[in-house]
**Q** 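Structure below; questions to follow.
Treat the numbers as computed from the prediction; the structure is a model and nothing was measured. Lettering follows sequence order; numbering is per chain, from 1.
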2 protein chains.
Amino acid sequence: MSATIYDVAREAGVSMATVSRVMNDTAVVKEETKKRVLDAIAKLSYRPNAVARGLASKRTKTIGVIVPDVSAAFMAELVRGIEDIANMYHYHIILCNSDGQLDRERDLVGTMWEKQVDGLLFMSPKLRQEHIDTFEEAQLPIVLCRTDDPEKRIPSVNINNKQAAIDVVDYLAAKGCKSIAFVGAKAGLKSLTDERRAGFLQATERNAITSQLIDVPSETYSGALKFLKDALQTSPVRAIVAANDELAIAAEHVAQDLKLRIPEDVMIVGFDNTKLTEMSRPPLTTVAQSMYDYGAVAMRFLTKLLSDEPISTYTVVLPHQILERESTAPKFVK
Amino acid sequence: MSATIYDVAREAGVSMATVSRVMNDTAVVKEETKKRVLDAIAKLSYRPNAVARGLASKRTKTIGVIVPDVSAAFMAELVRGIEDIANMYHYHIILCNSDGQLDRERDLVGTMWEKQVDGLLFMSPKLRQEHIDTFEEAQLPIVLCRTDDPEKRIPSVNINNKQAAIDVVDYLAAKGCKSIAFVGAKAGLKSLTDERRAGFLQATERNAITSQLIDVPSETYSGALKFLKDALQTSPVRAIVAANDELAIAAEHVAQDLKLRIPEDVMIVGFDNTKLTEMSRPPLTTVAQSMYDYGAVAMRFLTKLLSDEPISTYTVVLPHQILERESTAPKFVK
DNA sequence: AAACCTACTTGAGACGTTCCACCCATATTC
DNA sequence: GAATATGGGTGGAACGTCTCAAGTAGGTTT
């Protein structure tokens, strides 16, 4: 069996309390005593038991991270950002997948409470009142990440998706596009897409651009192909704004099948700057938002909450940026 | 403050022990008493404290998962597989990124011990003696995943990469290819690639096929483009086997730039069956190994270890399969 | 000389469970 | 009728740490 704090105390000829103080550096200990304790620790290769520590101190140095699905595009990058910062502040993360299902999400918040996590990082495709109630009940410090809370009830980190879509339309308008389509999941399913669509509609109207909405049943490559083909065949447009990169690539492929040249005949813009954008033909113009930073900022925010550091704003908005590639800008030919 | 088991006991007029037995269903309790307890639990909305439980029972229902980098291609899928199965057996996972660095890995194993995890799932690009020593010291049930231990000292889950590469060459040979190139990182950097290359070399020799090795500095799309171009321009081959899908797509693009038709002029095969394979043009033939299953099987293995279920073999080898797509098979045209 | 610091150190009660030893009826066996 | 099971329950030590009130020794002030 492994050594306990009590063993170390006996070995060093001091009390448990002193050992504890040496370990946690929580009060002054005479240099000589300290050395005796450290020697004893080394000799017994003592490591503190974090569970006992958690019980006694009521802080577990553990953060619950609830995501819809780690394996979804770039979610892993976000999680990596979270983990890195967590680590920096000596936290660990318990990762849970909810598939965006309300029951599961509520369940997980409860279980995380049972595990006595110090805080929660929460991601969900759509935030409802039930979520808020659950959070209320759990009484845990929570930061929302990439999850829109229109009423700003919970601390959150987001980007301004609506503005980003507006920027994209303005960008395309400046290139002379007079007719633009937006492709994404039907309204009401995903907050992200809804916001982007709203920006799209607002900006097309303001710029007097003919707009068209292409609804797809699921925001995946294969799920979108057919709907895109139908839409593009019946009413050709000058540009396509896709709710994410995967859809944008589907749009590229459909356009190419219809013998349209990109970007000469039709321009295509995606969202999220996933790895796909570089690997598509032509490379995809997209709205970049660093997923890593997303997670990192959210986690840093949470650590501030946990250590009562002063907070300037409870709804952090991250910057975005249009990354121009060849799907909207003709390639420079030597 | 939230209710404790003691509060519930008082409310129901029974002892703590009885409440515990109701919660854990660990012994018979009279129907009537049980009801009183359950009512009290509901009334006080009692939830057991997992930390206290962990201290008392010495089991935390938590698994440590150490990966080089969650955000690396498809690692997230693997983690998802782990999480799903963990969940099924009522475990949670603490996820840590090591970047494949030995010190960090050893550190993490130690911290996971402190956190009193019930077991460890470990992934690393290259296993060394120091790893084994660290595991030994930690005295934790450990399963290696996608991490080769040539001496089979630690329980592990893997696929037979060498055989997979042999299968690919045989497959191409059957299609009449007489000259095949292998593209991947230089020998000695990645165990995975080394194994695949070994299989490739063995099979090309056996089939009397002209083989060529294209070494790239990094196994990424952009990092490989130039080297592929140089290689394909100087010595045209009939087929390319890439160490992973990303490289295979780079190969596709380079071939297309050289006005080669795929698969008529050159066939291309990737490894891993990532999402990219479906989204490339033409869709990529690849060696499929479900990353999700990889994680799922490893986790299931660990649960068996943890509950002393009988184990048939300590080195699980997962099946692989060549998924034929249009990069090696001409499209059927209506 | 009494009172008061300061610098260290101790003792033991939490923290919220699990689980073992034990108790008390009532029923069953020899 | 004594011994033995069995169902249903109790009490409290143990798990390994933190933490706080309290203690000691030596010096300084009044």
Side-chain angles (χ1 to χ4, degrees), chain A residues 1-38 40-41 44-62 90 110-118 139, chain B residues 1-38 40-41 44-62 90 110-118 139:
Chain A
M1 216 57 263
S2 53
T4 73
I5 198 175
Y6 189 76
D7 299 326
V8 175
R10 196 177 19 186
E11 176 76 25
V14 298
S15 74
M16 284 178 2
T18 302
V19 179
S20 176
R21 271 153 52 228
V22 171
M23 289 296 298
N24 302 307
D25 199 30
T26 157
V28 190
V29 175
K30 206 203 289 181
E31 215 37 61
E32 185 206 320
T33 316
K34 193 175 202 163
K35 182 166 179 341
R36 279 219 314 282
V37 171
L38 290 176
I41 288 175
L44 303 176
S45 57
Y46 164 74
R47 302 204 73 150
N49 179 326
V51 174
R53 178 178 275 183
L55 182 60
S57 69
K58 311 202 135 284
R59 286 193 281 99
T60 54
K61 282 286 173 183
T62 303
H90 301 107
T111 326
M112 288 304 101
W113 184 90
E114 288 187 5
K115 290 248 173 189
Q116 305 284 101
V117 296
D118 293 341
Q139 295 260 62
Chain B
M1 215 59 263
S2 54
T4 73
I5 198 173
Y6 189 75
D7 299 326
V8 175
R10 195 177 19 188
E11 176 76 24
V14 298
S15 73
M16 286 179 351
T18 302
V19 178
S20 176
R21 270 152 53 225
V22 171
M23 289 296 299
N24 301 308
D25 200 29
T26 157
V28 191
V29 176
K30 205 201 290 178
E31 215 36 63
E32 185 206 321
T33 317
K34 193 175 202 163
K35 184 168 177 338
R36 279 218 314 285
V37 171
L38 290 175
I41 288 175
L44 303 176
S45 57
Y46 164 74
R47 301 204 75 150
N49 180 326
V51 175
R53 179 178 277 183
L55 182 60
S57 69
K58 312 201 135 286
R59 286 192 281 101
T60 54
K61 282 285 172 186
T62 304
H90 301 107
T111 326
M112 289 304 101
W113 184 91
E114 288 188 5
K115 290 249 173 188
Q116 304 283 101
V117 296
D118 294 341
Q139 295 262 60

**Q** At under 4.0 Å, does any side-chain N or O of T4(B) touch on OP1 or OP2 of dG16(C)?
**A** no
**Q** What is the distance from CE of M23(B) to P of dC19(C), rounded to the nearest Å?
**A** 14 Å
**Q** Kindly point out which of dC18(D), dA12(C), dT10(D) is positioned nearest to the side chain of S20(A)?
**A** dC18(D)
**Q** Under 4.0 Å from OP1 or OP2 of dT18(C): is there any side-chain N or O of S57(B) that close?
**A** no
**Q** R21(A) side chain: which of dC18(D), dG16(D), dC8(C) is closest?
**A** dC8(C)
**Q** Mind calculating the distance between NZ (K34(A)) and P (dA7(C)) to the nearest angstrom?
**A** 15 Å
**Q** Between T33(A) and dC8(C), does any side-chain N or O lie under 4.0 Å from OP1 or OP2?
**A** no
**Q** Of L55(B) and T18(B), whose closest DNA chain D nucleotide lies nearer the 5' terminus?
**A** T18(B)
**Q** For dT19(D), does OP1 or OP2 lie under 4.0 Å from any side-chain N or O of K58(A)?
**A** no
**Q** Heavy atoms only, 4.0 Å cut-off, all strands: where does R59(B) land among base, sugar-phosphate and nothing?
**A** nothing
**Q** Please report, rounded to the nearest Å, how far the C1' atom of dT17(D) is from the CD atom of Q116(B).
**A** 12 Å
**Q** Phosphate oxygens OP1/OP2 of dC18(D): is one of them under 4.0 Å from a side-chain N or O of N24(A)?
**A** yes
**Q** Of the nucleotides dT9(C), dG9(D), dT17(D), which one has an atom closest to the side chain of V29(A)?
**A** dT9(C)
**Q** Does any part of the side chain of W113(B), heavy atoms only, come nearer than 4.5 Å to the side chain of S2(A), both counted from C-beta?
**A** yes
**Q** In whole angstrom, what separates R10(B)'s CZ from dG16(C)'s P?
**A** 13 Å
**Q** Got a second to check how far Q116(B)'s CD is from T62(B)'s OG1, nearest 0.5 Å?
**A** 10.5 Å
**Q** Any sub-3.5 Å donor-acceptor pair from N49(A)'s side-chain atoms to V51(A)'s backbone N or O?
**A** yes
**Q** As a test of reading the structure: which of dA12(C), dG16(D), dG11(D) is closest to the side chain of A17(A), going by heavy atoms?
**A** dA12(C)
**Q** Check the distance between dT18(C)'s P and D25(B)'s CG and give it to me in whole angstrom.
**A** 13 Å
**Q** Which part of the nucleic acid, if any, lies within reach of V51(A) when heavy atoms closer than 4.0 Å are counted: base, sugar-phosphate only, or nothing?
**A** nothing
**Q** Using 0.5 Å steps for rounding, measure from the CD1 atom of I5(A) to the CG atom of L44(A).
**A** 12.0 Å
**Q** Which nucleotide wins on minimum distance to the side chain of V14(A), given the candidates dT19(D), dG16(D), dT10(C)?
**A** dT10(C)
**Q** Nearest to the side chain of I5(A), which nucleotide is it out of dT17(C), dA12(C), dC18(D)?
**A** dC18(D)
**Q** Which of the following nucleotides, dT17(C), dT17(D), dT18(C), is nearest to the side chain of P48(A)?
**A** dT17(D)
**Q** Would you indicate, yes or no, if dT18(C) has its OP1 or OP2 atom less than 4.0 angstrom from a side-chain nitrogen or oxygen of R53(B)?
**A** yes
**Q** Return the CG to NZ distance between D118(A) and K58(A), rounded to the nearest 0.5 Å.
**A** 11.5 Å
**Q** Is Y6(A) near enough to dT10(C) that one of its side-chain N or O atoms lies under 4.0 angstrom from OP1 or OP2?
**A** no
**Q** Consider the side chain of K30(B), meaning its heavy atoms from C-beta on, and name the nucleotide among dG8(D), dC18(D), dT18(C) that approaches it most closely.
**A** dG8(D)
**Q** May I have the distance from E31(A) (atom CD) to dA7(C) (atom P), rounded to whole angstrom?
**A** 15 Å
**Q** Considering non-hydrogen atoms only, spot the tightest contact between R36(A) and G13(A) and give its length.
**A** NH2-O, 3.9 Å
**Q** Under 4.0 Å, counting only non-hydrogen atoms across every strand here, what does M16(A) touch: a base, just sugar-phosphate, or nothing?
**A** base
